[in-house]
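First comes the structure, then the notes that go with it.
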Number of protein chains: 2
Amino acid sequence: MSHILASAVQELYPGVKFGIGPAIENGFYYDFEFAKGKSITPEDLPRIEKKMREMAKQGIPFKKKIASKAEARKIFKAQPYKLEIIKELPGKTVSLYLSGEFTDLCKGPHIKSTKEISPDSFKLEKIAGAYWKGDEKNKMLTRIYGLAFDTKKELEEYVSAVREAEKRDHRVLGQKLDLFMMDEEIGAGLPLWLPKGALLRHLIEEYLRKELASQGYQWVVTPHIANINLWKTSGHWEHYRENIYSPIKIDEEEYLLKPMNCPFHLKIFGSKTRSYKDLPFKMAELGTVYRYEKSGVLHGLTRVRGFTQDDAHIICTKDQLTEELEKLLKFGLKILNDFGFKNFDIYLSTRPKKFAGTIKGWEKATDSLKYVLKKLGLKYEIDAAGGVFYGPKIDIKIKDSLNRPWQCTTIQVDFNLPERFDMSYIGPKGKKERPFMIHRALLGSLERFIGVLIENYAGAFPFWLSPVQVCVIPIGSSHEEYAREVEESLKAHNFRCQLKNENETVSKKIREAEIEKIPYSLVIGDKETSAKTVRVRERGKGDAGEMKLAEFIKKAEAER
Amino acid sequence: MSHILASAVQELYPGVKFGIGPAIENGFYYDFEFAKGKSITPEDLPRIEKKMREMAKQGIPFKKKIASKAEARKIFKAQPYKLEIIKELPGKTVSLYLSGEFTDLCKGPHIKSTKEISPDSFKLEKIAGAYWKGDEKNKMLTRIYGLAFDTKKELEEYVSAVREAEKRDHRVLGQKLDLFMMDEEIGAGLPLWLPKGALLRHLIEEYLRKELASQGYQWVVTPHIANINLWKTSGHWEHYRENIYSPIKIDEEEYLLKPMNCPFHLKIFGSKTRSYKDLPFKMAELGTVYRYEKSGVLHGLTRVRGFTQDDAHIICTKDQLTEELEKLLKFGLKILNDFGFKNFDIYLSTRPKKFAGTIKGWEKATDSLKYVLKKLGLKYEIDAAGGVFYGPKIDIKIKDSLNRPWQCTTIQVDFNLPERFDMSYIGPKGKKERPFMIHRALLGSLERFIGVLIENYAGAFPFWLSPVQVCVIPIGSSHEEYAREVEESLKAHNFRCQLKNENETVSKKIREAEIEKIPYSLVIGDKETSAKTVRVRERGKGDAGEMKLAEFIKKAEAER
């Protein structure tokens, strides 16, 4: 497709110079330097596309040719970027592909003929500026992006998925729904949670507190900074420095903003002599950590510089490892299920070349992880030798309603920190033993997870997570008294309720409630006031009929 | 008393050299350099004390004498520290006090005779090292501290209060009760909350959430760092820099760990156009801030480097100010009452010489504060011109069970930040207006408040704040099944419950429960198992009789 694009541009814009043109996910691009004084705009893309479609139909053959570098230099004598590439390529010969009037430097392989391309399965997408070789000291070229699929249907599905994803963009919805904000003067990647967003966060926190208590976790709270010595002991200063912010000086000592909670939890474990009877010891924290990310990769809530992990550490004996991992995996999937996620991509990463701990330890832990995945009947992929150096791990990507994967859950065995912090417990025979340690975050981070929730539900959160659950709309001022009664009654039943008693039309209030994605609106007029009923409107569905308030409360309680 | 101490030491340790000896709160001290090879230990204090008592009884007169510096130099020729002081004193003459064999440089005034001192109303307390002039480059002298009161009774009361305070020291109890810990490798002034302490913190947070919701506050969550530009806008970088930690560099920009939450809250207010209908706008946050404190002043939880404020900002119109202040003060006192504090010292600080805002604004705000204090019938002291530069304020010190005051609540009007952040709302006539702004923290900080709670209750928290509320103690293994039933039933009624089913004696388990300050222990033996009752023990009171479980639950529910 890149070759066809370049060939069409060559025909339409004589004198154009070619950069590179690789295939990328869902399509391709090509970088061009247009002749002096010439340039293109998005309005020119249909013309180029038309030419490409003609070429596709013509059945132009692709032919490979091996040429000496001298010969290639002759062919590309008017193409300075190609000459630069030829110079940098190893060996004495280069591979060329010829198609119609166009010749490109290319390793291939390629289709035999443009006939293989369905003319309605591709589309030029957009243009952008791109520095030659990505270096801003070089010239800015014009990059044309295209989409390409096997069939027209696939292209259309992709385009409509992108359009749908744009509508669900959590950055846009986050602002529309008053959930969070960013502020340039505060800094990039540092979200501020507005009242409704802070409430959503709190609902998730409360849910986690309840669920984790049932699993025997104990909550702790630790500071956001610690002396650099702690991070030297933990090894983070040595191995994780690129993600750690520059030190703060306090009384001639250096302190770091915490990128992880683990060392604090290990200090808590180590603050007392622990016995095997104390294990498994499960500590949880909603710990806010700060990690460096390049400003270019920051993205709404899903890629930030400060975020709150639903972090926990499980410290157990060797004999408890498998059972704890099984409980953990089951529990993690239950949690994701409760938030409405049913489809997952699961990965098991195994021992890399450089690793901490013993081979025996790694085998024990990896076997336990595999056993548990198998026992729960979960499909997973092995990322062989792709693990982190400190231990094997399971990563779970949740698939959202557009089937996009999002990395959330991670369950990791760690052989490094127990050594570094010289962790121990007194075994049944009175001897010191080294425990196993599991790190785990189930949602990953509250910020990221809420970003995914927003996109998954397009902001229309399930009833239990909606910042406002019920909106009460009196038609006129004579209905306000009963509307207030309804509001009070709902609040007494612990529903999050809003009374819309501004001097607006009913239809405007209903529209507002729809925009705010409030699950239920209760409209109250003469009939409802005298019959002590409510007219229920359901989000996205419209009128759900008139009912007694008690009946609505029963219905809503069933959804809670 | 210092003179008498020095005189006694002069007699008992010939050749001693004198530093300084001032009066201090509850007593006095004197610094000595003992002759070469001599030194004293705490065991020597009774001997010195005895000599002092003899002198007190002798009725030695104090005589003042004005001497020329030359004369004074002669008198103190063997006293290098006194010579140094003489040199530094302004003027040509110095004031001396003579008492018996001892002469000291001293401005006075003094009692006429040692007869005025009751010989059993003072006591030597301890010895310590102290550098001459507090400079570690100088010689280390020996400081003897003494306590002195008007009567024996006052001395005894003070000594027993100190002993009681030591027993209540939250640093000791915090460790004993597993509430929090400090770790040198993490850093001074940075507490880690252990499970029971984190639970106590959470109980307070939940209580605040509920109470604040009823007052119309909305919760927000903001980051712990922000670009230095924010702190320049707010003025903190200019006026508060000594309490701010050194900047963190991110992508060539400087960021600061937040010492305050206000600028974030103002950004949230300013993120939208606000109408007078949106006021009062009340934002609350449990915001963790970091402020520099010298390592020497750090003290357990009550003086730390990182702490969580129960912070809020109320933004209102001029006309709403008085009403909001009244609600706030009432609400603040109710909160403190709920935690068991009934006695307060209240201070109103008024306009200092340098101030932000207008005199009219200050008068309006100060009048409102006074009016509200008067209306609620509260006694207060005026700290005239002692206010902060940005606005008048009310500070409330709570008095604990030993009658010690602790600064907690602060309610401050701010004329500075609304200007700096150009805050505005659209008034009823469609014109932009500048709102009034109130900062307030009711508990102050969770760390400090919990420190005070621990000392106030000597760790025996009221039922609703106890991390473990009920302890179930089976006498033997045959009672475990029913004990577990009791535990489950209590948990189902949302009590925080612990089953002590270790293989220990009942008396040891009861003792443990007392040490852990658990409000109730339910002992279960044969009789209780067959009658389905529990034997109740109340913390600090002992046996409270046998009762049906349902009866105990009713009793406990009444305390919740």
Side-chain angles (χ1 to χ4, degrees), chain A residues 175 178 180-181 183-199 201-202 206 209 217-227 229-230 233 245-251 253 255-257 263-265 267-268 270-272 277 283 285 288 290 292 294-295 305-306 308 502, chain B residues 175 178 180-181 183-199 201-202 206 209 217-227 229-230 233 245-251 253 255-257 263-265 267-268 270-272 277 283 285 288 290 292 294-295 305-306 308 502:
Chain A
Q175 197 172 4
D178 271 337
F180 69 94
M181 64 174 270
D183 182 272
E184 211 183 315
E185 206 177 15
I186 287 167
L190 298 170
L192 278 75
W193 292 88
L194 303 174
K196 281 184 187 165
L199 177 54
R201 231 181 113 111
H202 184 65
E206 283 307 289
R209 276 187 185 280
Y217 286 86
Q218 307 196 83
W219 291 90
V220 297
V221 178
T222 67
H224 301 94
I225 56 172
N227 197 300
N229 292 331
L230 181 73
T233 299
Y245 291 110
S246 71
I248 295 162
K249 222 167 178 187
I250 308 182
D251 288 349
E253 302 256 346
Y255 283 68
L256 300 176
L257 212 44
F264 296 92
H265 292 194
K267 282 285 183 184
I268 289 174
S271 67
K272 276 194 164 184
K277 291 182 202 158
M283 267 169 295
E285 179 169 19
T288 305
Y290 290 84
Y292 179 69
K294 288 199 177 129
S295 64
R305 283 179 169 165
T308 302
E502 308 88 12
Chain B
Q175 195 172 7
D178 270 337
F180 69 95
M181 64 175 270
D183 183 90
E184 210 182 317
E185 205 177 14
I186 287 166
L190 298 169
L192 279 75
W193 292 88
L194 302 173
K196 282 184 186 164
L199 177 53
R201 235 182 110 110
H202 184 64
E206 283 307 288
R209 277 187 183 279
Y217 287 85
Q218 299 190 298
W219 290 89
V220 298
V221 178
T222 67
H224 301 94
I225 56 171
N227 197 302
N229 292 330
L230 181 74
T233 299
Y245 290 110
S246 71
I248 296 162
K249 224 168 178 187
I250 308 183
D251 288 349
E253 302 255 348
Y255 283 69
L256 300 176
L257 212 45
F264 296 92
H265 291 194
K267 283 284 183 185
I268 288 174
S271 66
K272 277 194 163 183
K277 290 181 203 158
M283 267 169 295
E285 179 170 19
T288 306
Y290 289 85
Y292 178 68
K294 289 199 176 128
S295 64
R305 284 178 168 166
T308 302
E502 309 88 12

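Note on naming: letters A, B, ... go to the chains in the order of the sequence lines (proteins, then strands), and numbering restarts at 1 for each one. Nothing here was measured: the structure is a model prediction, and the numbers come from that model.
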Residues, nucleotides or ligands: over 12 heavy atoms within 6.0 Å of E185(B) CD
yes

Please identify, among L256(A), D183(A), T222(A), the residue contributing the most non-hydrogen atom pairs under 4.5 Å to chain B.
D183(A)

What pair of heavy atoms forms the shortest contact from P191(B) to P223(A), and how long is it?
O-CD, 3.6 Å

Quick check on T308(A) against chain B: is it the side chain, the backbone, both or neither that has a heavy atom closer than 4.5 Å?
neither

Side chain from CB out, backbone as N, CA, C, O: work out which of these in N229(A) comes under 4.5 Å of a heavy atom of chain B, or both, or neither.
both

Most heavy-atom pairs under 4.5 Å with chain B, out of E502(A), R305(A), K294(A), M283(A), belong to R305(A)

Chain A shares the most heavy-atom pairs under 4.5 Å, among R201(B), K196(B), E184(B), with R201(B)

Which heavy atom of K249(A) sits nearest a heavy atom of S246(B), and at what distance?
N-OG, 2.8 Å

Quick check for you: among G197(A), P195(A), A226(A), P247(A), which has the greatest number of heavy-atom pairs under 4.5 Å with chain B?
P195(A)

Between L192(B) and K267(A), which heavy-atom pair has the shortest distance, and what is it?
CD2-CB, 4.4 Å

Nearest 0.5 angstrom please: I248(B) CD1 to L257(A) CG, how far?
4.5 Å

Measure K272(A) against the heavy atoms of chain B and call it side chain, backbone, both or neither at under 4.5 Å.
side chain

Most heavy-atom pairs under 4.5 angstrom with chain A, which of I225(B), V220(B), V221(B)?
V221(B)

Cut-off 4.5 Å, heavy atoms of chain B, and the answer for L199(A) is neither

Can you tell me how far apart NE2 (H202(A)) and CD (E206(B)) are? Round to the nearest 0.5 Å.
4.5 Å

Of all heavy-atom pairs between W219(B) and A198(A), which one has the smallest distance, and what is that distance?
O-CB, 3.3 Å

Can you tell me how far apart CD1 (I186(A)) and CD1 (I268(B)) are? Round to the nearest 0.5 Å.
7.5 Å

Closest-packed option against chain B by number of heavy-atom pairs under 4.5 Å, given R209(A), K277(A), E253(A):
R209(A)

When rounded to the nearest 0.5 angstrom, what distance separates CD in Q218(A) from CG in D178(B)?
9.5 Å

Do you know which of Y292(A), Y290(A), F264(A) has the most heavy-atom pairs under 4.5 Å to chain B?
Y290(A)

Looking at L230(A), L194(A), T288(A), which makes the most heavy-atom pairs under 4.5 Å with chain B?
L230(A)

Heavy-atom cut-off 4.5 Å, strictly under: side chain, backbone, both or neither for P263(A) against chain B?
neither

By ring pair (Phe, Tyr, Trp, His ring centres under 6.0 Å) - contacts of Y255(A) (at least two apart):
none

